[in-house]
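One structure is given here, and the rest of the page talks about it.
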Number of protein chains: 2
Amino acid sequence: MTDRPYHHGNVRRAALTAAIEAIEQGGPAALSLRDVARRAGVSHAAFTPHFGSKAGLLTALAAEGFDLLADAVTAVGDDLVEAGVAYVRFAVGHPAHFEVMFQPSLHNADDAQLLAAQDRAGQALTTALSASAGETTELAAWSIVHGFANLWLSGALPTGLDDDPGSAVRPVLRLLSFTQ
Amino acid sequence: MTDRPYHHGNVRRAALTAAIEAIEQGGPAALSLRDVARRAGVSHAAFTPHFGSKAGLLTALAAEGFDLLADAVTAVGDDLVEAGVAYVRFAVGHPAHFEVMFQPSLHNADDAQLLAAQDRAGQALTTALSASAGETTELAAWSIVHGFANLWLSGALPTGLDDDPGSAVRPVLRLLSFTQ
DNA sequence: TGCGGAACTTACCATTGGCAAGATAACATC
DNA sequence: GATGTTATCTTGCCAATGGTAAGTTCCGCA
């Protein structure tokens with residue numbers, strides 16, 4: 001019937017991309033496997049060999065997110081403020097990943113890839129933050145950027161910061177520079 | 001058949017309580033109206049007159065959460081640190097409310113009760129924080145407690161803080177005391 | 001006492017996630 | 001190049017879900 005080949009060849013990437021699109025439109029709770037399948041142009045059962053289940057798909061998405069976050073934080077070096085800015089920019093630039101990453105109820109918690117990616121991201125953050133701060137300041141910085149990103153994504157922050165949340169968080173993080 | 005009266009009399013409260021229980025066990029995404037109905041001892045269609053839809057139920061839960069948060073923050077007075085501690089204690093003590101409150105994709109965004117409760121909570125926070133801080137510090141404090149609460153709820157924070165996250169956030173917030 | 005309307009149930013519908021069985025094609029081995 | 005093996009993908013099915021419509025119960029008020 002269709003000219004589409006029986007074997008898609010890259011269902012995994014197509015599924016992740018389609019899921020990102022769907023989550024950006026309706027949030028993770030409203031995500032439907034069949035909707036993702038329609039967007040990707042495959043049947044809803046095509047995901048089984050690749051992800052096992054819906055939780056498996058979201059777990060893979062979370063793992064990809066932690067990897068991207070690790071890359072982003074590592075790229076800016078050991079500056080606490082700029083690492084924080086990178087954290088917020090990642091969250092705002094990849095809202096679907098970010099939302100899924102920190103909702104453990106959506107994951108297969110024991111997934112090896114996810115655990116490895118979480119560890120990579122944790123190492124990257126610890127390295128960047130601990131270079132210029134003590135333990136308490138490190139926790140403060142992480143909480144600030146994580147809270148700021150969450151509040152921004154949920155629309156709770158006053159408008160006006162909306163233009164560039166990455167820059168908007170910089171003066172907030174600078175408060176911590178004086179505390180060392 | 002059953003001795004249960006045809007009219008429950010308090011479906012609204014029973015539904016909210018049952019939903020809280022279910023969300024604490026499986027997260028908001030896995031919440032099922034029919035499961036909530038079974039827990040509350042009514043049919044799944046009994047919610048329609050009270051909430052309209054699943055989104056309506058979650059909207060009511062979010063509104064209740066913002067009201068409780070406003071109460072909690074107001075109760076501790078105008079101290080930035082103690083208001084922050086109250087914020088975290090609320091989040092940890094009412095995880096189901098907290099998770100639903102900040103996921104707008106679960107809500108009817110134009111609900112009057114929700115908007116009013118959000119405003120109450122916003123006023124309470126602004127009052128408590130602005131008393132002892134400038135605008136940037138205020139944003140830092142909100143981000144810290146919100147981020148800390150989210151990270152704690154998602155299990156991302158190192159173990160050891162688990163005993164009493166309310167107290168654990170206090171030294172973190174004190175960092176901001178020196179910045180004014 | 002009777003009656004209007006809200007609360008609640010039952011019955012039904014389209015949609016969902018997951019599984020089993022079958023179809024297709026990529027790949028290895030000869 | 002032919003053949004067998006295996007992973008990929010589809011179709012068909014199932015129980016469960018959210019929502020709606022129609023019917024039942026019963027509260028409140030005249």
Side-chain angles (χ1 to χ4, degrees), chain A residues 1-23 25-62 96 100 103 105-109 111 113, chain B residues 1-23 25-62 100 103 105-109 111:
Chain A
M1 288 298 167
T2 72
D3 47 359
R4 176 170 55 87
Y6 192 93
H7 284 86
H8 181 287
N10 208 351
V11 166
R12 185 184 166 84
R13 174 90 321 254
L16 291 172
T17 303
I20 290 165
E21 198 180 284
I23 292 172
Q25 289 172 13
L31 184 73
S32 146
L33 268 190
R34 290 175 119 101
D35 179 42
V36 174
R38 283 187 289 266
R39 291 173 192 259
V42 294
S43 85
H44 75 280
F47 300 144
T48 307
H50 300 279
F51 303 105
S53 69
K54 186 179 182 181
L57 169 60
L58 292 174
T59 301
L61 195 61
V100 172
Q103 286 196 252
S105 58
L106 302 176
H107 305 155
N108 298 324
D111 182 84
Q113 302 237 352
Chain B
M1 288 301 162
T2 70
D3 48 358
R4 174 170 56 89
Y6 191 91
H7 286 86
H8 182 287
N10 209 350
V11 166
R12 185 183 166 85
R13 173 90 321 255
L16 291 172
T17 303
I20 290 165
E21 198 180 285
I23 292 173
Q25 290 172 12
L31 184 73
S32 146
L33 269 190
R34 290 175 119 100
D35 179 40
V36 174
R38 282 187 289 266
R39 291 174 193 257
V42 294
S43 84
H44 76 282
F47 300 145
T48 306
H50 299 278
F51 303 105
S53 68
K54 187 179 181 179
L57 170 60
L58 292 174
T59 301
L61 195 61
V100 172
Q103 286 197 251
S105 58
L106 302 176
H107 305 155
N108 297 326
D111 182 85

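Below, read A as the first sequence line, B as the second, and so on, with proteins coming before strands; counting in each chain starts at 1. Keep in mind that the numbers below use all heavy atoms, side chains included, and drop hydrogens, waters and symmetry copies.
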Report task. May I ask you to say what A:Ser53 touches in the nucleic acid, namely base, sugar-phosphate or nothing, with a heavy-atom cut-off under 4.0 Å? Result -> sugar-phosphate

Requested in this report: Report which part of the nucleic acid B:Leu31 touches: base, sugar-phosphate, or nothing (heavy-atom distance under 4.0 Å, all strands).
Outcome: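 The answer is sugar-phosphate, as B:Leu31 gets under 4.0 Å only of primed atoms, P, OP1 or OP2.
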
Report summary line: Closest to the side chain of B:Val42, out of C:dG17, C:dT9, D:dG19, is C:dT9

Query raised in the report: Side chain of B:Pro49: nearest nucleotide among D:dT10, D:dT20, C:dA7?
Result: C:dA7

N/O to N/O distances under 3.5 Å, protein versus nucleotides 12-16 of chain D:
none

Measure the distance from [atom1] on [X] to [atom2] on [N] and round it to the nearest whole Å.
X        : N      : atom1 : atom2 : result
A:Asn108 : C:dG18 : CG    : P     : 10 Å
B:Leu33  : C:dT9  : CG    : P     : 14 Å
B:Phe51  : C:dA7  : CZ    : C1'   : 13 Å
A:Phe47  : C:dG18 : CZ    : C1'   : 13 Å

Query raised in the report: Of the non-hydrogen atoms in A:Gly26 and B:Ser105, which two are nearest, and what is the gap between them?
Result: O-CB, 3.7 Å

**Report entry** Closest non-hydrogen atom pair between B:Pro28 and B:Val100, with its separation
**Finding:** CB-CG2, 4.4 Å

Report task. Give a yes/no on whether any side-chain N or O of B:His50 is located under 4.0 angstrom from OP1 or OP2 of C:dA6. Result -> no

Query raised in the report: NZ of A:Lys54 to OG1 of A:Thr48: how many Å apart, nearest 0.5 Å?
Result: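 The OG1 atom of A:Thr48 is 13.5 Å from NZ of A:Lys54, to the nearest 0.5 Å.
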
Query raised in the report: Once you round to the nearest 0.5 Å, how far does CZ of A:Arg12 lie from CG of A:Leu57?
Result: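 If I round to the nearest 0.5 Å, the distance is 9.0 Å.
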
Report task. Return yes if some donor-acceptor pair links the side-chain N/O of A:Thr17 with the main-chain N/O of A:Ala14 below 3.5 Å, else return no. Result ->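 Flag not set: sc A:Thr17 to bb A:Ala14 has no pair under 3.5 Å.
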
Query raised in the report: Out of A:Thr59, A:Asn108, A:Leu16, which one pairs with A:Phe51 under the side-chain contact (heavy atoms from CB on, under 4.5 Å) rule?
Result: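 Answer to the side-chain contact (heavy atoms from CB on, under 4.5 Å) test with A:Phe51 among A:Thr59, A:Asn108, A:Leu16: A:Leu16.
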
Requested in this report: Starting from the 5' end of DNA chain C, give me the residue, B:Asn10 or A:Lys54, whose nearest nucleotide shows up first.
Outcome: B:Asn10

